[in-house]
Structure formats: C-alpha cells, structure tokens
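We number each residue from 1, following the sequence as shown.
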Amino acid sequence: MGHSGVSRFSLPAFFLAAFMFFMGNVSCASGNGVSGEAGLSGKRDRREVKSKEPASVLPGIEVLQKRGFQGLVGKRVGLVTNPSGVDRNLRSTIDILYNAPGVELVALYGPEHGVRGDVYAGGKVTDTRDPATGLPVHSLYGATRKPTPEMLKGIDVMVYDIQDVGARSYTFISTLGLVMEACAEQGIEVMVLDRPNPLGGNKIEGSYVESGYFSFVSQYRIPYIYGLTVGEFAMLINEEGLNRGQTGKQQPARCRLTVVPMEGWHRDMLYSDTGLPWVLPSPNIPYSSSPVHYCAAGICGELYGFLNIGIGYTLPFQVFAEEWVNAESLKELLDSYAIPGVAFRTIYFKPLSGRTAGKLVKGVQYFFTDYDKAPVTLVQFYVMQAIATLYPDKKPFETATGVGLFDKVCGSDHIRTVFGRRYKVADIRPFWDKDVEAFRQLSAKYHLYK
C-alpha cells in the first residue's frame, strides 16, 4: 500500500511477513471500493483485474510515440489540447510533440479553460503565446469556436488530445467536431489521440437531440451518455454524417481522420481500472469519478437557483442541497424509490462560493453502489421528483430562474414539459430511453476495443 513508515519498525521477520501479507490483502480489498474518491463503486467482479496491480493502459500519445510519431514526421502540426493531454508520467503532449524528432509543432489551439487550464468555467479564452514553447495559441472558446482559415494556415495535420468525460453536453467534443469541420474545408488531416471514456464503454443513456435544440452543449444527434472513446466518437460523427455544425443544420462535414488507439483498454473499464493518473480536464471535474457525477447531477445544475449540487464546495456534482431542505425527509423519500445501484446519505455543509456561500445547506450526497445497474442520468430527476413531492412550492421549473439551458442540455423541451406536469420520473423514462438500443447498434460499428 506504499506506507513508507513500515521500514521504521524492528519487527521479527515472521511478524513482518504476516503484517505485509495482511496489508497486501487490505490493499486488494480496498481497490474495489471508492478509494477515497467521490463515492463511485460498483459490482466489480466482471471488471476485476486479474493481477494485483492496476491495469496499465497506454493512451494514444504514448502509442504514437512508440510508433515513432508515424504520420507526423516531416509535417507541420497543430495541436488541440489542455492540461489533461499527458502521458502516464504527466508529460504534456505539447512538450512531447514539440521535442519529437522530425515533427514540427507550429501552433496550439485552446478549448474552454485554455491550453494550460488557466481560464475558469465560462471564461473567454484569448489568443496568446504559450510561455513554455513560445508557440502561438489560438482560442477556440470565445469569439471563435471554429478555427478560421487564417488559424489553420500552414498546418498539415491537426492533432487532438483531450481527456473526454463521455457526456454529450461537455463542450470539448463540440470543439472537436468544429475542428474536424474546419480542417475538412481546408483539406487538413485530423489525428485523434485516443483516451479512456471514464464512464466505461458500455453505459448508454438519454434520448437523441431534437431539431431546434442543437447547440454547443448538444451538437450531435446522440444520447446524453454515448459509451464511446473520443477516437471512436470522432469516427462515428465523421462517417455517419452527424457533424453538422453547432445548430445541426449544415451539410455533414467529413475530414481525413486518423485515430491513434490506446493499448490495454477494454470497454468494461472505469477510469480507476486503467492505472493512468487523472488530470482534471476542467475545474469542476477533479476526480476520475467526477464524470459519472457530472452526468447524474449536471442537468439539474442548469436550473440556476433551484438546488446546490456541490459546485462551490468540495463535492462538485455529488450532492443535492439547499437551506430549506429537510435532509432526513429527503433521504427517506429517495430511499423509498429503491433506485438500482444508488444509495444516499444526509449531508450538511456551507458552500465556499456561489449563491449560497457561507450559508448552511442541507440535503443528500449520493453514491453508486452498483454502477452497471444504476440509471445514472435519472438520479437528478428522482431528486427533483422528491423535492416536488416534499415542497410543492419549490418545484424545479417554477423555482429556477431560467430553463433555456436545461432544454438545450436535454436536447429537447419534451423532458421539461412532460416531467413538469406531475414531476414523475416514470412519465419521462420511455422518451429518455427510446434511442438507446438503436444507438448501441449504430455505434458498435466504430468500436476499437472489446
């Protein structure tokens, strides 16, 4: 377990051996729990790693390096990345490509939060120069979301290396699509360096985006949780004609696409199974389990003024709380729903920032006890159902200051209009589930991993 203090004890060899044997067993057992990180567990027997050591997955950047940077040697290269673009030793893809023999890295492109992660959520990214390399950095989150021809001038290959979270509303995949579109127009090849989907490769939830609701947070006609790695995802939108701009109204864009796959990744892996370090891709995704919680609470979080979901505290997307909530009553009602694979506990805390900063809020923290069985995205809707039942004067859509972004993230106003009649999850579940199996069959064609 890495306890350096063991060597300081002068134990007889027998007791030392027994102690180490015991600690080894404890280590193995604790590896199947939450590991002190954000309460993501599950029925792990089918995901069990046979060795006692974590799996050693090689991300695309390391596979590319093993291949001698094949496809980039002798080329002028652009790179779309952020701090999550690293190898197992936390070396930035920027630095790896900048120092790669025969590769000429000439420009960097920054999505939301910027290339080095120095722009907070929603802040505008500006054109600048990278202080470490001196390379120009072009903003793809601000006045320009799609690279302009001028930004792409002189680029032979555009490389994309960002850790995805596996959710449709997460804007990095929207940036990827716009980059692919712009490169298609200029005849520039796109190379995606693949990384794990932290939600695994089997979980699919949510309905397709409907006409009129395509946006930067719902740019593709896919489910909310899509169960693909970013490389598989890029292949899907490229080949199936799903890359149709921010509004979904353009003709499909198709670029010359290369995906550098990972080695050692399997579809039933969560991020904690990979052996890779987790570098937060954005400020409110601090843990490797945060993407799952993002999917379970983030849609509710678009209802500003309704509930605190842990943003501004140490548990982003892991709680549902407010000053007027009776924590015990909320937990009791949620427990009565018997949501598969989900457990709740009461929680009381004072947010450090935001609307309720310094005020005591009360509510529930939730945990996944069986991730495979859990209806991840519906957790927040069950909470909204419980709140509407306990507090009829605090119904979600009546309490929130706006619902526009909620509809965009859901990809439709159907969820809000139907759910808002009685606030019963049963009323929306058929619609929310209707596209899952069709997408599962469609997306399977693009699987790079078993």
Within the distance-only criterion (no hydrogens, no angle test), does the side chain of [X] pair as donor or acceptor with the backbone N or O of [Y] below 3.5 angstrom?
{"X": "R244", "Y": "Q219", "value": "no"}
{"X": "Q163", "Y": "P196", "value": "yes"}
{"X": "S174", "Y": "V217", "value": "no"}
{"X": "Y371", "Y": "L270", "value": "no"}
{"X": "R221", "Y": "S211", "value": "no"}
{"X": "D194", "Y": "M262", "value": "no"}
{"X": "Q380", "Y": "T377", "value": "yes"}
{"X": "N82", "Y": "S84", "value": "yes"}
{"X": "T274", "Y": "Y271", "value": "yes"}
{"X": "N197", "Y": "L228", "value": "yes"}

Distance check, rounded to the nearest 0.5 Å: [X] atom [atom1] versus [Y] atom [atom2]?
{"X": "K203", "Y": "R267", "atom1": "NZ", "atom2": "CZ", "value": "14.0 Å"}
{"X": "I222", "Y": "D435", "atom1": "CD1", "atom2": "CG", "value": "11.5 Å"}
{"X": "N202", "Y": "I225", "atom1": "CG", "atom2": "CD1", "value": "12.0 Å"}
{"X": "S218", "Y": "K408", "atom1": "OG", "atom2": "NZ", "value": "9.5 Å"}
{"X": "I387", "Y": "T399", "atom1": "CD1", "atom2": "OG1", "value": "9.0 Å"}

Sequence neighbours left out, what passes side-chain contact (heavy atoms from CB on, under 4.5 Å) with [X]? Give chain and number order.
{"X": "A386", "result": "L330, L333, L334, Y337"}
{"X": "V63", "result": "L58, R67, V260, E263"}
{"X": "D95", "result": "S92, N99, R116, T133"}

Given the rule in the side-chain hydrogen bond (donor to acceptor under 3.5 Å, both in side chains) test, do E232 and S443 qualify, once you have shown the distances and angles that lead to the verdict?
CA-CA 8 Å; E232 293 172 332; S443 62; over 6 Å; no
Which pairs with one or both residues in [range] pass salt bridge (Lys or Arg N to Asp or Glu O under 4.0 Å), sequence neighbours excluded?
{"range": "residues 161-183", "result": "K146-E181, D161-R195"}
{"range": "residues 307-326", "result": "E322-R355"}
{"range": "residues 337-354", "result": "none"}
{"range": "residues 279-293", "result": "none"}

Which class fits the ring pair Y294 and Y224: parallel under 30°, tilted 30 to 60°, perpendicular over 60°?
parallel
Do NZ/NE/NH1/NH2 and the carboxylate oxygens of D427 and R421 come within less than 4.0 Å?
no
Salt-bridge present (K331, E328; N to O < 4.0 Å)
no
Only distances under 3.5 Å count here; give the side-chain donor-acceptor pairs of residues 295-307 to other protein atoms, sequence neighbours excluded, each with its distance to 0.1 Å.
none

Checking [Y] against [X]: is there a side-chain donor and acceptor pair closer than 3.5 Å?
{"X": "W265", "Y": "T229", "value": "no"}
{"X": "Y170", "Y": "S282", "value": "yes"}
{"X": "Y423", "Y": "T389", "value": "no"}

Return each pair, listed once, that meets ring pair (Phe, Tyr, Trp, His ring centres under 6.0 Å) where at least one residue sits in residues 236-259; pairs must be two or more places apart or across chains.
none
Enumerate the residue pairs fulfilling ring pair (Phe, Tyr, Trp, His ring centres under 6.0 Å) with a member in residues 201-223, sequence neighbours excluded, ordered by first and then second residue.
Y220-F233
Could you check whether any side-chain heavy atom of V115 comes within less than 4.5 Å of a side-chain heavy atom of L79, counting everything from C-beta outward?
no
Non-hydrogen side-chain atoms of E240 and Y446 separated by less than 4.5 Å
yes
For Y160, give me all partners under ring pair (Phe, Tyr, Trp, His ring centres under 6.0 Å), at least two apart in sequence or on another chain.
none
Run the ring pair (Phe, Tyr, Trp, His ring centres under 6.0 Å) test against H266 and tell me which residues pass, sequence neighbours left out.
none
Out of the candidates F320, Y366, Y287, only one should pair with H293 under the ring pair (Phe, Tyr, Trp, His ring centres under 6.0 Å) rule; please name it.
Y366
